[in-house]
Colleague: 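Just dropping this structure here.
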Amino acid sequence: MSQSPFKPVPPKVTLPKMEERHLEFWKKHDIFHKTEETRRGGPEFVFYEGPPTANGRPGVHHVLSRSFKDIFLRYRVMRGYHIIRRGGWDTHGLPVEIEVEKKLGFTSKRQIEEFGVAEFNKLCRQSVFEYIQDWEKLTERIAFWVDLENAYVTYHNEYIESEWWILKQFWEQGLIYRGHKVVPYCPRCGTPLADHEVALGYKETEDPSVYVRLPLMDDPDTALLVWTTTPWTLPANVAVAAHPKVTYVKVKRQLPNGEHEYLIVAKPLVEKVFGDEKVEIVAEFPGKALKGKRYQPLYTFVVPDKPAYFVVLADFVTTEDGTGLVHMAPAFGEDDMEMARKYDLPIISTVKPDGTLVSAVRPWAGMFFKDADPYIIEDLQKRGLLFRSGKYTHTYPFCWRCGTPLLYYARPTWYIRTTAKKDRLVALNEKINWVPPHIKHGRFGNWLENNIDWALGRERYWGTPLPVWQCDECGYQHAVGSVAELSEMAGRDLSGLDLHRPYVDEVELTCPKCGGKMHRVPELIDVWFDSGAMQVAQWHYPFENQEIFKKQHPADYICEAVDQTRGWFYSLHAISTLLFDDIAFKNVVCLGLILDENGQKMSKSRGNVVDPWDVINVHGTDALRWYLYTASPPGDNRRFSVNLVGEVVRNFLLTLWNVYSFFTTYAALDGWQPNSETKPEYNELDRWLRSELHSLVKRVTEAYENYDALGATRPIEEFVERLSNWYLRRSRRRFWKSGSDADKHAAYSTLYEALTTLSKLLAPSTPFIAEEIYQNLVRATDPSAAESVHLADWPEYDEAAIDEKLNRDMELVIKLASLGHAARNKAGIKVRQPLQEIAFAVGRAFEQDVVTRYADLLADELNVKRVRLLGGRGEAVSYSLKPLPKQLGQKYKSLFPKIRQAILALDPQEAGERLLAGEPVTVTVDGEEYAIQPDEVEVIVSAHPGLTVASEGAYLAALNTEITPELKQEGIARDFVRWVQNARKEAGLELSDRIHLYYQAPDEIAKAVEAYRNYIMGETLAVEMTAAAPPDDAFVSTAVKNVVIGIKKSTPDEQ
RNA sequence: GGGCCUGUAGCUCAGUCGGUUAGAGCACUGUGCUGAUAACGCAGGGGUCACUGGUUCGAGUCCAGUCAGGCCCA
């Protein structure tokens, strides 16, 4: 017996332990870096890492995106691509500031200013890496290979400098301007709130509901009727919006004093507004007819600097509430501001940042904005402009920190004029491959179609400063595009300057126009600009790395969750479009969200977040990753639970592991090793498995090429199931038999090929078990093989090995075997009891040869002496016909029902026989004759009552259940073998140990044992079998009634 | 209010070009098998394919609408 190169692997395994071993191996041999080095010179595959913020612990959703990033990168490396996998960290922004504010107990910006911006930013800088070790540990443990040592960091000076360069390019194209943005704003805290903060503070509240008359300029008897729940905004009114397509009416209404008035409202709202009151509709017209109609201003505290007080048209006007005419105060509403931009309306701000009314609003100056509501209502009442007032209950946002009602408030800020490039944004999107595809023209495409200018400015502290300096004297503005330029304009070397606030604010420049002093504008830029700039800034382009940059743009592949559509995906796309008129990424996988077991979004506040470590420590990374890839399509939301990951372990990983364990155990026993010189003589089963294997490689490869993780994994699961529960089950004996022959070699070769190929197919998805199998099966026998499976080449499939018919045939054989087992079960006869015969019926002529060709295999599987087709030679069977709708329906369309009737009217016996013989039958419908082909009808066979049958559709297994004395004896012999095998196991013997076998049993059993003496000794590896009481030193089992079995391990020289 | 996605067994999901008995795994019950298996085989219970209408010889599948959930935007 030659020495086996394989390490025998026990069937029991602790997967997390196994994984940790390979983590060590990768680290020790620097495999990750070798994936880059060894592929240098190969085609470039460009990946961008969307930077996370490390100021919180990573969760399962991070494992999700990192797993999906990793799987395609590992695949590409195996395909020979060179990939720079550079990590990155997003480090700026409000969430970081809020964390620090919380720690310091701050509730307002004023406190930060008092504390000192320099010190505050220092704390921010520290806080962003507070959990970096958790991130690094988890990243390593989930086998996401990314270079964190050289990660780009958005707060680095070089990174900021690149961003300045980008902004300067935009500036010079005239794409950056200062405008107004309406933001949710807390007047008490003195700060705008981010969306997620607003979402925290919605409460049900009661507001005034007032209807106000706005008399028309050229027809003072007629008034527009508007509705509002914020009377305090009325002094800032500059326009009224109507929907262009809604129908409006002019109604005549009786006044208490006997006179009448005319009011204009949307037709669908007449009833809601006037209730039971009788009004007369005197005119009807579409909303667009109102465009430009001028009305008398409500208040003139502030004189507008532009034309105002006329009707504008807007799609956002609804006919759900109010009057269909909406009062516009651009300073206090997003929609209103949009209209102001569109119609160039003036922006009147009547509220100060602290929430009190400005002095110009004389009667109520200094009053808190909400407190003015009743006074304004009273004033309107006095002036006869109030139509009605009441109360209205709705949800309104309050500050989550202090409970103050929020103010939607126009603040001056900076914009990028993305709308100027909208057509390019849309056109370039066509070049991007989205997974799933609907995002392209759905969520992302719609977002681009409705593009609005990018609000860039942020009035905060910790972020990339906007590099615009403004002259104190003449107001001239200049964008600085580099540190060198800054130094030059400042007249001193600033190369060591921290480009953050407050230091950068202290740099004074000299105005090139008037020689005055220039100071930086106070704003920072949106953090989405930071992350979107990574395509340029991670390389400090254009100041450095120009060659690398050229090769690394655009990206071939990026992947994040769907919440990045308007976030990172957009910022990458927008920056690339404006800067290069090119796409930033070619392929993007857009992941769904992770929900908890009840379908709820995982969030800290709900307390339903699953810690990835809880899963990894129990089941391991491979199980978690496999679950994430196979559970559902990547774009769908997915429910997550630890139990489902456990299922993966049992169903897939352990099944694979056991095949692997089986192989190594027997290969080690036999001293088998792969041998390229002896060509294996494959049997039918081997050919089938190889056919399945090679079509698997083909399918999986295609899926990877299409960024289809589900398609790259689920088929492997099916293959492993078949490998374990059909190929191996049917092949076991070929490995057991002693000695070595061609058939055994073929079996080993086939199984070896399957396992080594699987290790490569699994390397991208389950990198640990893939490495385990590869190291033991490939590296151990082939010193020239790549050091790690992750450095190996992707397997090629052999088209010639794929035999679709063979695959289909075997599928049928498996089904027939299943029916055979069902029949045995029905008869209550265990598989160990041999039976004389089983007969099968199949519904279609072309399937009949499968039964004969695989008769031996079926006989063995079902433990019967003979397998045959049912229905031959006048056997008492009856047929019935089942017309197949798919074939016949497609052929005969609406004639199908009649054809079907005609077929059912045929004599089933005669027609069935002909069809099963492969001949057509003729039916007549409406005087026309039609030839029905054998593959258009299924023939259902029923067996005569004497047989035990199991059937499914047209397939049927009929069992002859008669047990002759000979069969009985053989059954007993097989039982006996099993008893001995159990005893061997109990005695703790090795698989290959030879034994002395002793037994005592009643007559009937003893007779059977003696009749099958050679068979029993061969099966149980007995060198001697004695019908006598076992000696004292033997292991004795009395597990079976009336039977004593004794075994004693034999000494080596007896073998 | 708008856009996008999802809705199939108790749970997680398949379901091809529309084809007449809607499947798998898990869980449950019974039973069998086992010297690779923490497994596996066989059988059983469990379905208004969210709902309504339409197209069609035929709809889980296509179309329209409704409802519910999710995400994003307002």
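Residue numbering restarts at 1 for every chain, and letters A, B, ... go by the order of the sequence lines.
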Colleague: Across all strands shown, which nucleotide pairs with B:C40 by Watson-Crick or G-U wobble geometry, both distances under 3.5 Å?
Modeller: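 For B:C40, the partner nucleotide comes out as B:G32, under the 3.5 Å rule.
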Colleague: Going by atom types alone, do A:Thr419 and A:Asn451 pair a side-chain donor with an acceptor below 3.5 Å?
Modeller: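 Side chains of A:Thr419 and A:Asn451: no pair found under 3.5 Å.
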Colleague: In terms of the nearest nucleotide of RNA chain B, which residue is placed more toward the 5' end: A:Val980 or A:Leu644?
Modeller: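 Residue closer to the 5' terminus by nearest nucleotide: A:Leu644.
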Colleague: Got a sec: does the NZ of A:Lys440 have more than 12 other heavy atoms crowding it under 6.0 Å?
Modeller: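 Above 12, so yes.
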Colleague: Is the base of B:C71 touched by the side chain of A:Arg443 through a donor-acceptor pair closer than 3.5 angstrom?
Modeller: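 Flag set: donor-acceptor pair detected.
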Colleague: On the nucleotide B:C57, are OP1 or OP2 found under 4.0 Å from the side-chain N or O atoms that A:Tyr892 carries?
Modeller: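 So the side chain of A:Tyr892 is outside the cut-off, no N or O lying under 4.0 Å from OP1 or OP2 of B:C57.
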Colleague: At under 4.0 Å between heavy atoms, what does A:Glu647 touch on the DNA or RNA strands: base, sugar-phosphate, or nothing?
Modeller: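 Sugar-phosphate, backbone atoms only, no base.
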Colleague: Classify A:Tyr666 by what it touches in the nucleic acid, base, sugar-phosphate, or nothing, heavy-atom distance under 4.0 Å.
Modeller: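 Sugar-phosphate: the residue A:Tyr666, judged by heavy atoms under 4.0 Å, touches backbone atoms but no base.
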Colleague: By nearest nucleotide on RNA chain B, pick out whichever of A:Lys893 and A:Arg566 is the more 5' one.
Modeller: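 First, find each residue's nearest nucleotide; the 5'-ward one identifies A:Lys893.
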Colleague: Name the pairing partner of B:G25, where a pair is Watson-Crick or G-U wobble with both distances under 3.5 Å, or state none.
Modeller: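 Looking at the geometry, B:G25 pairs with B:C11.
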Colleague: I want to check one thing: is the phosphate of B:C42, taken as OP1 and OP2, less than 4.0 Å away from some side-chain N or O of A:Ser818?
Modeller: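 It does, given that an N or O in the side chain of A:Ser818 lies less than 4.0 Å from OP1 or OP2 of B:C42.
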Colleague: Which residue, A:Ile972, A:Asn863, A:Ile963, forms the side chain to side chain contact (heavy atoms under 4.5 Å, CB included) with A:Gln833?
Modeller: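 The passing option is A:Ile963.
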Colleague: Rounded to whole angstrom units, what separation is found between the CZ atom of A:Phe662 and the P atom of B:C40?
Modeller: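 In whole Å, B:C40 P and A:Phe662 CZ are 17 Å from each other.
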Colleague: Describe, in one word, how the ring planes of A:Trp672 and A:Tyr748 are oriented to each other, choosing from parallel (under 30°), tilted (30 to 60°) and perpendicular (over 60°).
Modeller: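 Because their plane-to-plane angle is under 30°, the rings of A:Trp672 and A:Tyr748 count as parallel.
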Colleague: Hey, does the side chain of A:Arg732 come within less than 4.0 Å of B:A36's phosphate (OP1/OP2), counting only N and O?
Modeller: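 The answer is yes; a side-chain N or O of A:Arg732 sits under 4.0 Å from OP1 or OP2.
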Colleague: Please classify the nucleic acid contact of A:Gln890 as base, sugar-phosphate, or nothing, using heavy-atom distances under 4.0 Å.
Modeller: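 Base contact - A:Gln890 has a heavy atom under 4.0 Å of at least one base atom.
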